[in-house]
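Here's the structure we're looking at; comments come further down.
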2 protein chains.
Amino acid sequence: MSKTEKNRTTVDIYGQHYVIMGTESSSQIRLVAALVDDKMREINSKNPSLDVSKLAVLTAVNAVNDYIKLKDQLERLQAELQKEKD
Amino acid sequence: MSKTEKNRTTVDIYGQHYVIMGTESSSQIRLVAALVDDKMREINSKNPSLDVSKLAVLTAVNAVNDYIKLKDQLERLQAELQKEKD
């Protein structure tokens, strides 16, 4: 299968079906869906009064926050590696 | 302010108010909220029939997918740095 071909994966997140299209493998998409489902359930257990859309938005906020922190870490590591190579 | 003190930041995402509690700075939280809002609007423009909760779930899927890809990249870089140091 060529790298640019799109996969179509059906997943279940928080009791809803989603068809996800993308170049990622189906196993990667299923892993991502399971992580999102887990996170939504975790946030729900702490804030049981939130509706599904707010729960999902807060899950997205959480994931983007983690992404930015990881990106900072990556940039520091890239600078460190550059220093080692110089 | 001590590092473990929690900040309380009010943000607006996709027309809804959210109060976000966490150890991150308010400016970091506002940046994250703006990124989530942008991503929701981008996904909405491609799939205008999605309701807000599905839109938010797909935004979370997107963010977690990006996070995992970045984590792989970080792990490869850590291994490379270790090799340089050895």
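Here the structure is a predicted model, which is why all the values come from computation and not from measurement. Proteins get letters first, then strands, A, B, ... in listed order; numbering begins at 1 in each.
For A/K54, the parts lying near chain B are the backbone and the side chain together; criterion is any non-hydrogen pair under 4.5 Å. Heavy atoms closer than 4.5 Å to chain A are found in the side chain of B/I13, but not in its backbone. For B/Q78, the parts lying under 4.5 angstrom from a heavy atom of chain A are both the backbone and the side chain. Of the two parts of A/Q73, the backbone and the side chain both hold a non-hydrogen atom closer than 4.5 Å to a non-hydrogen atom of chain B. Looking at B/I20, the atoms closer than 4.5 Å to chain A (heavy atoms on both sides) all sit in the side chain, from C-beta outward.
Annotation: side chain of B/L35 is in contact with side chain of A/I68 (closest heavy-atom distance under 4.5 Å). Counting only heavy atoms from C-beta outward, the side chains of B/L31 and A/V64 never approach each other to under 4.5 Å. Two residues are said to be in side-chain contact when any heavy atoms from C-beta on lie closer than 4.5 Å; B/V57 and A/Q16 fail this criterion. Between A/Y18 and B/V61, every side-chain heavy-atom pair lies at or beyond the 4.5 Å cut-off.
Ion pair A/K85/B/E80 flagged as a salt bridge, since at least one NZ, NE, NH1 or NH2 atom sits closer than 4.0 Å to an Asp/Glu carboxylate oxygen.
To the nearest 0.5 Å, atom OH of residue B/Y67 and atom NZ of residue A/K69 are 8.5 Å apart. The NZ atom of A/K83 sits 10.5 Å away from atom CG of B/L81, with the distance rounded to the nearest 0.5 Å.
When all heavy atoms are compared, the tightest approach of B/A60 to A/A56 is CB-O, 4.2 Å.
Heavy-atom pairs under 4.5 Å with chain A were tallied for B/T59, B/V36, B/N65; the largest tally goes to B/N65.
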